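What you are looking at is a predicted structure, and each value in this text was computed from that prediction instead of being measured. Throughout, numbering of the chain's residues begins at 1 and tracks the sequence. What's counted below: heavy atoms across the whole structure, side chains too, no hydrogens, waters or symmetry copies.
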Amino acid sequence: MSEDFGQSWRRQGQGLPDRTLDALANSAKNPDTLYAAIGGDGLWRSEDAGETWEFVMDRPFLSGSEQDVRTLASVDLASGMGGIWLYAGTSAGLQRVPDCFCRWQDVQPQGALDALVEGEKAPTVMPLPEGEPVNALVSCAASPERLYAALPSGVWASADGGVIWSKAAPFVATALAVDPSDADTLVAATPADLFHSRDGGQSWVVSAIL
């Protein structure tokens, strides 16, 4: 942890298992609440800026087995269960869990269950490509329904909290960053280049990494 913009660091993590930390995210509503994904273990939470940690959730179950979480995003959209969502990109796709940590689930549109019960047509869903690992995932703080995900098939974008996705770029990114005040301003990093978009991924400018 650093409190001086990275000039000095001190070790945090009391209570965390001695394993690889695969992903880390701040709560969208409380900067002192952190979530950590531990390889081969599950999700942990700290409510004191990383000083102490508690186990909160097993790994998501996809493709017939538990999957390690590769990337996390705390998304300030009402979960319907008294809190917000924690989205997790895994080795086999995307899952999310409300921050009450009751159960992992696929991203579904609002009203999907009501439509099923009433025998009506289900809302349209266009998920990410099935079975692909999600290598990076970001949400815009000012527009939390806007999500971006980096997969081997390219960079994908959603304007409705992950219900409908469309491809925003064909290149394979290893990291993503979005302007917290402007969901259209996005940076994607590949092993060789940095790609910058100011229109939500419709067009990109590339600059070499030195």
Atom OG1 of T90 and atom CZ of R59: how far apart are they, to the nearest 0.5 Å?
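Spacing of OG1 (T90) from CZ (R59) equals 10.5 Å.
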Can you tell me how far apart CH2 (W44) and OG1 (T52) are? Round to the nearest 0.5 Å.
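Separation between the atoms: 11.0 Å.
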Does one hydrophobic cluster hold both [X] and [Y], with members joined at side-chain heavy-atom distances below 4.5 Å?
{"X": "V134", "Y": "M126", "value": "yes"}
{"X": "Y35", "Y": "W104", "value": "yes"}
{"X": "V206", "Y": "V155", "value": "yes"}
{"X": "L21", "Y": "V69", "value": "no"}

Report yes if the side chains of [X] and [Y] come closer than 4.5 Å at any heavy-atom pair, otherwise no.
{"X": "V163", "Y": "S158", "value": "no"}
{"X": "S74", "Y": "S139", "value": "no"}
{"X": "H196", "Y": "T185", "value": "yes"}
{"X": "T20", "Y": "D68", "value": "no"}
{"X": "S65", "Y": "Q67", "value": "yes"}
{"X": "P129", "Y": "L151", "value": "yes"}
{"X": "F55", "Y": "I38", "value": "no"}
{"X": "P127", "Y": "V107", "value": "no"}

Between [X] (side chain) and [Y] (backbone), is there a donor-acceptor pair under 3.5 Å?
{"X": "S143", "Y": "E145", "result": "no"}
{"X": "W204", "Y": "A168", "result": "yes"}
{"X": "Y148", "Y": "A183", "result": "yes"}
{"X": "E66", "Y": "D58", "result": "no"}
{"X": "S197", "Y": "S203", "result": "yes"}

Begin with the C-alpha distance, continue with both residues' side-chain angles, and end with the deciding distance and a verdict on side-chain contact (heavy atoms from CB on, under 4.5 Å) for R70 and S91.
CA-CA 7 Å; R70 305 164 70 96; S91 302; 3.6 Å; yes
Sequence neighbours left out, what passes ring pair (Phe, Tyr, Trp, His ring centres under 6.0 Å) with W165? Give chain and number order.
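For W165, no residue satisfies ring pair (Phe, Tyr, Trp, His ring centres under 6.0 Å) once neighbours in sequence are set aside.
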With a sphere of 6.0 Å drawn around CD of E130, does it hold more than 12 non-hydrogen atoms of other residues, nucleotides or ligands?
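Atom CD in E130 is not crowded, with 12 or fewer foreign heavy atoms closer than 6.0 Å.
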Heavy-atom neighbours of K29 NZ exceed 12 at 6.0 Å
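No, the 6.0 Å shell around NZ holds no more than 12 heavy atoms from other groups.
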Measure across [X] and [Y] and return the closest heavy-atom pair with its distance rounded to 0.1 Å.
{"X": "Q105", "Y": "P98", "value": "NE2-CD, 4.1 Å"}
{"X": "P152", "Y": "E132", "value": "CD-OE1, 3.2 Å"}
{"X": "L62", "Y": "Q95", "value": "CD1-CG, 3.6 Å"}
{"X": "L137", "Y": "G89", "value": "CD2-N, 4.2 Å"}
{"X": "L128", "Y": "A149", "value": "CD1-CB, 4.2 Å"}

Kindly indicate, with the supporting measurements, whether the criterion side-chain contact (heavy atoms from CB on, under 4.5 Å) is fulfilled by L72 and L43.
CA-CA 10 Å; L72 285 171; L43 283 184; 3.9 Å; yes
Could you check L34 against N26 for side-chain contact (heavy atoms from CB on, under 4.5 Å), going step by step and ending with a plain yes or no?
CA-CA 5 Å; L34 305 174; N26 270 98; 3.1 Å; yes
Report, one line per pair, each donor and acceptor closer than 3.5 Å where one atom sits in a side chain of residues 75-87; sequence neighbours left out.
| unit_1 | atom_1 | unit_2 | atom_2 | d |
| --- | --- | --- | --- | --- |
| S79 | OG | M81 | N | 3.1 |
| S79 | OG | G83 | N | 3.4 |
| S79 | OG | G83 | O | 3.1 |
| W85 | NE1 | A78 | O | 3.3 |
| Y87 | OH | R96 | NH1 | 2.8 |
| Y87 | OH | G161 | O | 2.6 |

In plain terms, say whether D182 and R198 are close enough for a salt bridge, that is, a side-chain N and a carboxylate O under 4.0 Å apart.
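Looking at R198 together with D182, the answer is no, because their closest N to O distance does not fall below 4.0 Å.
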Which of parallel (below 30°), tilted (30 to 60°) and perpendicular (above 60°) describes F195 and F171?
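Judged by the thresholds at 30° and 60°, the geometry between F195 and F171 is parallel.
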